[in-house]
Number of protein chains: 2
Amino acid sequence: MSKLPKKSPKQPPAEQSGSDVPVGLNQIPLLQILSAQDRQKVLGEMTETRYGKGQYIFREGDPTEYFHIVKEGSVKCVKSSLDGKECTLKVLMPGDLFCCDASAFDGASHPGTAQPMGDVSVLRMKNDAYFKMLRANPDAAMEVIRYLGNRLNEAQEKAKVLALDRADQRLAALLVNLAERSGIKEPNGIRVSVRLTRQDMANMVGVTTETAIRIMARFKKDRLVSGTAARLVIRDLLKLKLLAST
Amino acid sequence: MSKLPKKSPKQPPAEQSGSDVPVGLNQIPLLQILSAQDRQKVLGEMTETRYGKGQYIFREGDPTEYFHIVKEGSVKCVKSSLDGKECTLKVLMPGDLFCCDASAFDGASHPGTAQPMGDVSVLRMKNDAYFKMLRANPDAAMEVIRYLGNRLNEAQEKAKVLALDRADQRLAALLVNLAERSGIKEPNGIRVSVRLTRQDMANMVGVTTETAIRIMARFKKDRLVSGTAARLVIRDLLKLKLLAST
DNA sequence: AATAAAACATGACAAATGTAATGTTTCCAA
DNA sequence: TTGGAAACATTACATTTGTCATGTTTTATT
């Protein structure tokens, strides 16, 4: 969910820092791999930050100083073209790493913007501490290699879909993906737990908002989906899958 | 060049295996990083193979057993959709690594096809030897992380371009890229040293062959390029750059 | 509850790109 | 050198998607 557990209007200081293990950290494979001792050390070097609507974690072009991990909530990676059009490359979920990549080397700058979708909590760590940790832990380095490899395959698959498929197929593929990655079973379908407007979807599949709206209207008519934004439900995953690959 | 140095019709056994260092190996960053000793060991575990027109290095869906490095020539990475359309994701050049990624883990299969563009020479090494090498050499592991990170950024940039730009802009961007990555200065422009048909270009930017032909015809009329396939020349890099980002 | 802002929706029209059919040129191998 | 394949080319037309304009509904905020 993009909403964190209810709490009084002003947020209390971030949880953690008690003597017991902070909630949520066991969803982070990279940390699980480390020995208890190394993990403690790494956690000591990491800072937790919360972000809300309208904020940025970093922006395209900013210098890259930190390595990041999503702890709670969802984060979107966005790139924009000179004429203001935007495209969302990836929705990061808890456990996802970002800036674990080349943009973190030799004083480069961020190739895209990272912004929270709803309230999120992010762990971060200085680049040099991160590299030091990787050099000292072959297992962690291998995990990062595997993770980056997966991201690369994913990105290439995305490029393929953008290059070869029609707008409705791309949108169907997106919905299938969301259902599988963040879906919650409900009596009448699978609810997507990330708040996603038609505009968001449009940015994710490279079409205009109007086109996304029209296609979603068709999907709704055909009883493949229902609801909007905060309450989007996938009603016929199979048919969507079929459509995505037709 | 995609043509290797002239030789008699039947190819003689691959060069190397003399006592002196094989030609071309100093173009491979990953090997340069290793100590002379480790490099020798790694080279001992690698096999050199040559491929020619019409062959495949591996195909989409094949099990991944080897890690690869391009030594000479160019290799293209291709994915295809169910209905036979193809898209070329990346042209690998000497020094480029492939299957250094997630597809190499836990008995996965290749997410795409690798095929030679003209004659190429490829080094390869069993996956487990590769992983062992990475674990033993933090510098090599860091180099692979940096390399994968670059590939990831590149792939995301490609997705962005596919999502937001028009066909002519994408084609212009491709030509600029080729000129910069494999261009050879000539009196009247920059010759692209990889043989590239209109069909190849179409596959790289996600359009039909006819569209690629039409756009290239326009570019030719406007004196931005000249020639075809084996003799493609970029005549006005600046204007192409401008077009790509307009 | 009132109000403003964001999201959703729809229609008319324009532009970009694909499809199909067909012909010419270039390249390569017998 | 020559015949056949691949590459290049062009036309007419169909389809997809974008653009613009406008209006309604939903959501969030005071």
Side-chain angles (χ1 to χ4, degrees), chain A residues 2-3 6 9-10 52-54 81 83-88 117-119 161-172 192 194-221 225-233 243 246, chain B residues 2-3 6 8-10 52-54 81 83-87 117-119 161-172 192 194-221 225-233 243 246:
Chain A
S2 58
K3 290 285 182 216
K6 284 269 171 50
K10 286 293 160 211
K53 212 170 89 172
S81 65
D83 52 334
K85 283 181 292 188
E86 282 196 349
C87 118
T88 299
M117 305 175 75
D119 294 324
V161 167
L162 283 166
L164 301 180
D165 294 349
R166 279 194 322 273
D168 59 340
Q169 298 177 299
R170 305 204 297 267
L171 197 39
V192 176
V194 186
R195 182 181 199 277
L196 220 56
T197 66
R198 308 297 197 230
Q199 162 130 245
D200 290 326
M201 299 181 215
N203 286 342
M204 290 191 204
V205 299
V207 295
T208 57
T209 306
E210 291 89 338
T211 298
I213 287 175
R214 280 190 270 252
I215 294 175
M216 286 300 285
R218 212 160 69 218
F219 285 177
K220 183 178 254 169
K221 185 170 66 77
V225 301
S226 69
T228 64
R231 190 163 185 77
L232 178 60
V233 177
L243 174 57
T246 302
Chain B
S2 59
K3 290 287 181 216
K6 284 266 170 51
S8 44
K10 287 292 162 214
K53 214 171 88 173
S81 66
D83 51 334
K85 283 181 292 187
E86 283 196 347
C87 115
M117 306 176 74
D119 294 324
V161 167
L162 283 166
L164 301 181
D165 294 351
R166 280 193 322 272
D168 58 340
Q169 298 177 299
R170 306 204 296 268
L171 196 39
V192 176
V194 187
R195 182 180 199 275
L196 220 57
T197 66
R198 307 296 197 234
Q199 161 130 246
D200 290 326
M201 298 181 215
N203 285 342
M204 290 191 204
V205 299
V207 295
T208 58
T209 305
E210 290 86 343
T211 298
I213 287 176
R214 280 190 272 251
I215 293 174
M216 285 299 285
R218 211 160 70 219
F219 285 179
K220 183 179 254 170
K221 184 168 69 73
V225 302
S226 68
T228 64
R231 189 160 187 79
L232 178 61
V233 177
L243 175 57
T246 304

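Quick note: numbers below take in every heavy atom, side chains included, and nothing from hydrogens, waters or symmetry partners. Order of the sequence lines sets the chain letters (A, B, ...), proteins ahead of strands, with each chain counted from 1.
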- Item | Flag side-chain contact, heavy atom, 4.5 Å: A/Met117 against A/Leu196 | yes
- Query: Through what angle, rounded to 10 degrees, does the axis of the helix from C/dA1-D/dT30 to C/dA30-D/dT1 turn between its ends, using five pairs per end?
  - Reply: 60°
- N/O donor-acceptor pair under 3.5 Å between B/Arg198 side chain and B/Glu210 backbone: no
- Note on the structure: Between CG of B/Leu162 and C1' of C/dT17 the distance, given in whole Å, is 14 Å
- Note on the structure: From CG of B/Leu196 across to C1' of D/dA7 the rounded distance in Å is 13 Å
- Report yes or no: does A/Gln169 contribute a side-chain atom to a donor-acceptor pair with the main-chain N or O of A/Thr246 at less than 3.5 Å? yes
- Task: Return the value, rounded to whole Å, for the distance between atom NZ of B/Lys221 and atom P of D/dA9.
- Result: 14 Å
- Evaluation steps, side-chain contact (heavy atoms from CB on, under 4.5 Å), between A/Val225 and A/Val233: CA-CA 6 Å; A/Val225 301; A/Val233 177; over 6 Å; no
- Message: Tell me the interatomic distance from B/Arg231, atom CZ, to C/dC28, atom P, rounded to whole angstroms.
- Response: 14 Å
- Task: Without swapping roles, check the side chain of B/Lys220 against the backbone of B/Ser226 for a donor-acceptor pair under 3.5 Å.
- Result: no
- Task: Measure the distance from CZ on B/Phe219 to P on D/dA9 and round it to the nearest whole Å.
- Result: 14 Å
- Message: If you assign B/Ala230 and A/Met216 each to the DNA chain C nucleotide with the nearest heavy atom, which residue ends up on the more 5' nucleotide?
- Response: A/Met216
- Looking at side-chain heavy atoms only, is the closest gap between B/Leu243 and B/Asp168 below 4.5 Å? yes
- Report yes if some heavy atom in the side chain of B/Met216 is under 4.5 Å from a heavy atom in the side chain of B/Ile213; otherwise report no. no
- Task: Counting heavy atoms from C-beta on, name the nucleotide in D/dT10, D/dT29, C/dC8 closest to the side chain of B/Ala217.
- Result: D/dT10
- Looking only at side-chain atoms of B/Gln199, point me to the closest of D/dA9, D/dA7, C/dC8. D/dA7
- Distance test, side-chain N/O of B/Lys53 to OP1/OP2 of C/dC28, below 4.0 Å: no
- Taking only the side-chain heavy atoms of B/Arg195 (C-beta and beyond), determine which of C/dC8, D/dC8, D/dA7 contains the nearest atom. D/dA7
- Query: Taking A/Arg170 for the side chain and A/Val205 for the main chain, is one N or O donor matched with an acceptor at less than 3.5 Å?
  - Reply: yes
- Report, as a single string ordered 5' to 3', how protein heavy atoms within less than 4.0 Å touch nucleotides 15-20 of chain D: B base, S sugar-phosphate only, - not at all. --SBBB
- Item | Straight-line distance of B/Leu171 CG to B/Thr211 OG1, nearest 0.5 Å | 10.0 Å
- Using whole Å, report how far CZ of A/Arg198 lies from P of D/dT26. 12 Å
- Query: What is the distance, rounded to the nearest whole Å, between atom CG of B/Leu232 and atom C1' of C/dC27?
  - Reply: 17 Å
- Rounded to whole angstrom units, what separation is found between the CG atom of B/Asp200 and the C1' atom of D/dA6? 12 Å
